[in-house]
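Just so we're on the same page: letters track the sequence lines, and every chain starts at 1.
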Amino acid sequence: MSMEVSSGGLAPPGAAEAPRAVPSRAGTLSHPANWRRAASHVASVVAPVALPLLLLGLVASAWEAMAVALHSPLVPHLPEIGKELARIFRGGHFFGEMAVTLLRVGAGFTIAFAVAVAAGIAMGRQKTVAHFLEPAIIVGLTVPGLVWALLCVIWFGIGLTGAAVAVALSIAPALLLNILQGVRAVDAELLEVAAMLRLPLRKRLACLWLPSLMPALLGGARLGLSLAWKVVVLVELFGLSSGIGYQLNSEFGAQNVAGVIAWTLGFAAVMGVLEYGVLAQLEHHLMRWRRTAQV
Amino acid sequence: MSSDIVIEGLGKAYAPRGGRRPAVIFDGLDMRVEAGQLVALVGPSGCGKSTLLNLIAGLDAPDAGAIRFDGRARDSRLAMVFQQPRLVDWLTAEENIALAFEREGSRPRGDAREMVRALLRKVGLVDHAGAYPQFLSGGQRQRVAIARAFAVDPDILLLDEPFSALDELTARRLRLLLQSLWGEADGPRPTGVLVTHNMLEAALLADRIFVLNGHPGRFAAVMDIDLPHPRDPEDPALFAIHRQVLHALGEA
């Protein structure tokens, strides 16, 4: 309806009356307002898929143009990369390595997330805890992931523990900072309502704290996952004989640029599925109570 | 079962901020509200009306004196309606009201779902049971907040300028809704304290009006309103009370 009203408002006087004079045509596609509405409907369905694909297509074309222009083994042609992709996906090779890496990321992420939620709520509620832990966050944020990767390989040797601890140590400070800000943003007025209703702790956590923290938790999860991937690859590269990082390193050793790119692309695709398929859907579902602005 | 509210020798001051002297809000205030009465606290803004209500609600602690609920039974159930609806945004209207049944140590009083439905019917929102607060109008949200307060089945009901953020027409409807909910309460009526700066609202709803004024706050006048309930907002007698309150505040 709003489309019709606004188009009537912009059109010269008289033009707006014309469609109204022929009501039988109002339901057909030939009606300009309906046509525009249908077009905008199609656009709203197609755009979320088409636009990211357009970007990918543009980047791929630019890459191919560069490969043709430079004519160098350092910039492989798209078909070569495609061949490498086919090779690593054959026989489930890629998914086996990906599963190993995801397990390491998942273990580290789970530890960091649990610690960050507990510490974040404690810091947000108690000033003394905040003063006590603040230096740890600041130091933690400044230590490069590379250092944690090296130290954990030395301390824990090769295995799941080292990788998980390195990932946890690298992402916990950023996660904690995010969650702490979320805790401080929890509506004091709602906490008063909870006190007025004498809600038990369990209910207060489930109905007030967790949903209030949800944006911070989701934002933290995104940030944490992106940091975790950067660290786990380093651990795998230094001390492990499996996983995406190890495979990247062995392709690098074989001076196979197309191989490095293929592994990276495969990994990025999995991350994309995680982001769009899992996190975005989860966020959409959890945030359904939120009214979005129509302007 | 409703409770008397007894306030004796109440003292409250706020620590100075930005180099000012500490603000003394109350110094030895006494007040008594009879069980089942609805009293109104009126006065100019900044005189401590809302502070007094927060002290009664236990959301703030007094520096001196005592606030007691001399109920004839068990510890008092307390509900509050705030100026803003203060609904939980991620729960539907229905779930917001049902939250009142989750009170610590309370036993379920019959079918919670049916009770929520009955309350929604009373506040005229039965069609919006599943709506999230951000999709409701300001008046509808405040209706949900009122229903939540009554869902507590309160002994004491505190109302902190509940209609002042609404447009006049909506506020008028909600005042009448509150009046009818108060009248229809099954069992004994709750003891109510209504903070308002609208003297006509006080005259319409209250059995007694406490006029608060000055620093530290003192009662400039206490008036009993003997008109029978329910009252008509156009009753000329209310305007006469309005003038009396203004007079007590030294404004007329």
Salt bridge (Lys or Arg N to Asp or Glu O under 4.0 Å) partners for B:E34, two or more places apart: B:R32

Top of B:V88, B:D89, B:L59 for chain A proximity - count of heavy-atom pairs under 4.5 angstrom: B:D89

B:L99 portion near chain A, given a 4.5 angstrom heavy-atom threshold: both

Contact leader toward chain A among B:Q84, B:R148, B:E95, where contacts are heavy-atom pairs under 4.5 Å: B:R148

CG-CH2 distance between B:L91 and A:W289, expressed to the nearest 0.5 angstrom: 10.0 Å

Closest non-hydrogen atom pair between A:L197 and B:V152, with its separation: CD2-CG2, 3.6 Å

Contacts of residues 124-134 of chain B with chain A (heavy atom under 4.5 Å): B:Y132, B:Q134

Sorted by number, residues from residues 202-225 of chain A in contact with chain B (heavy atoms, under 4.5 Å): A:K203, A:C207, A:L208, A:P211, A:S212

Output side-chain donor-acceptor pairs under 3.5 Å for residues 183-196 of chain A, partner residues at least two apart or in another chain, one line each.
unit_1 : atom_1 : unit_2 : atom_2 : d
A:D187 : OD1    : A:E189 : N      : 3.0
A:E192 : OE1    : B:R86  : NH1    : 2.7

CD (A:E134) with more than 12 external heavy atoms under 6.0 Å: yes

